[in-house]
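Since the structure comes first, as structure tokens, the remarks are kept for the end.
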Amino acid sequence: MALKSTICKAALRIANVDSHYYRDHALTLARHPSETDERMMLRILAFALHADEALQFGRGIGTDDEPDLWQKDLTGVIELWIDVGQPDERLIRKACGRARQVFVYSYGGHDAEKWWQRVGERIERAENLTVQHVSPATCKSLASLAGRNMELQCTIQDGHAWMASDEVSFAVELAALKTATATER
């Protein structure tokens, strides 16, 4: 018998001083049985960092034709494609061809370093691709916030982000591995 996804809900309050975006979002996430707390919370972090009314979660793990999050314009053109983890270089190139902007948030410590050594040179020429590595300390702190019902806050100011719940607050540590050279196509 196949295991079903777990439904998790997050009340996410975003205060992005840099882009003047101040909104509350009621997020519903379908957590695949194989998805870790860390990965689920990284999807929420990615949502917070790119928050927009049109930003949506994809179908999740196991779907190569959809990202973890994406944003489309009114004509169906993919404006933003966001993947969490260590996607295959072919999928990254395909995403770069389909979307105006592509973001990858890698995590996993030493495994992420090996992944980047393997794919970094092969995707370096993708002008609309940004790759950020989320520090292990941030991943651990994010995972500690995971639950079936969450109340979270994300504050973004001067290019820095902080995540918080009622019990804990911490700075989000990201390291840029590749920055897009073209923001619009």
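If you read the sequence from its start, that first residue is 1, and numbering goes on from there. Here the structure is a predicted model, which means the values were calculated and not measured.
Once rounded to the nearest 0.5 Å, the distance linking CG of L42 with OG1 of T36 reads 7.5 Å. Note that OG of S19 and CD1 of I156 are 7.0 Å apart. Values are rounded to the nearest 0.5 Å. Taking NE2 of H25 as the reference point, atom CD1 of I14 lies at 4.0 Å (rounded to 0.5 Å). Atom CH2 in W162 sits 14.0 Å away from atom CD in Q153 (nearest 0.5 Å).
The side-chain heavy atoms of W81 and Q101, taken from C-beta on, include no pair separated by under 4.5 Å. Contact check for L27 versus F57: side-chain heavy atoms found under the 4.5 Å cut-off. The closest side-chain heavy-atom distance from V168 to S141 is not below 4.5 Å. Contact of the L29 side chain with the M40 side chain is registered, since non-hydrogen atoms from C-beta on lie closer than 4.5 Å.
A donor-acceptor contact shorter than 3.5 Å is absent between the side chain of K9 and the backbone of E151. With hydrogens and angles ignored, the 3.5 Å screen pairs no side-chain donor or acceptor of D83 with any backbone N or O of V104. Proximity of a side-chain donor or acceptor of D18 to a complementary backbone N or O of G159 within less than 3.5 Å is detected. Using a distance-only test at 3.5 Å, with no hydrogens or angles considered, a donor-acceptor pair links the side chain of R31 to the main chain of E35. The backbone N or O of S34 lies less than 3.5 Å from a partner atom in the side chain of H32, making a donor-acceptor pair. Formation of a donor-acceptor pair under 3.5 Å by the T130 side chain with backbone atoms of A180 is found in this model. In this structure, the side chain of D73 engages the main chain of T75 through a donor-acceptor pair within 3.5 Å. Looking at N128, its side chain does come within 3.5 Å of a backbone N or O of A99 through a donor-acceptor pair.
Closest approach of H50 and Q71 over heavy atoms only: O-OE1, 4.5 Å. Nearest heavy-atom pair, E173 versus A137, reported as atom, atom and distance to 0.1 Å: OE2-CB, 4.4 Å. Shortest non-hydrogen contact noted between M150 and M41 is SD-SD, 3.6 Å. The minimum heavy-atom distance between I123 and R93, with the atom names listed, is CG2-CG, 4.3 Å.
R23 forms a cation-pi arrangement with Y21, by the criterion of a distance under 6.0 Å to the ring centre and an angle within 45° of the ring axis.
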ask   = Going through the distances and angles, do K72 and W70 end up as a side chain to side chain contact (heavy atoms under 4.5 Å, CB included)?
value = CA-CA 7 Å; K72 296 179 182 180; W70 59 358; 3.7 Å; yes
Check: Which is it for R43 and D68 under the salt bridge (Lys or Arg N to Asp or Glu O under 4.0 Å) test, yes or no, and what are the steps along the way?
Finding: CA-CA 7 Å; R43 290 193 296 141; D68 290 308; 5.1 Å; no
L142 and F170: CA distance, side-chain angles, deciding distance, side chain to side chain contact (heavy atoms under 4.5 Å, CB included) verdict
CA-CA 9 Å; L142 283 168; F170 55 91; 3.8 Å; yes
side-chain hydrogen bond (donor to acceptor under 3.5 Å, both in side chains) evaluation trace for S135 with T138 = CA-CA 5 Å; S135 76; T138 295; 3.0 Å; yes
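Not less than 6.0 angstrom separates the ring centroid of H133 from the ring centroid of Y107.
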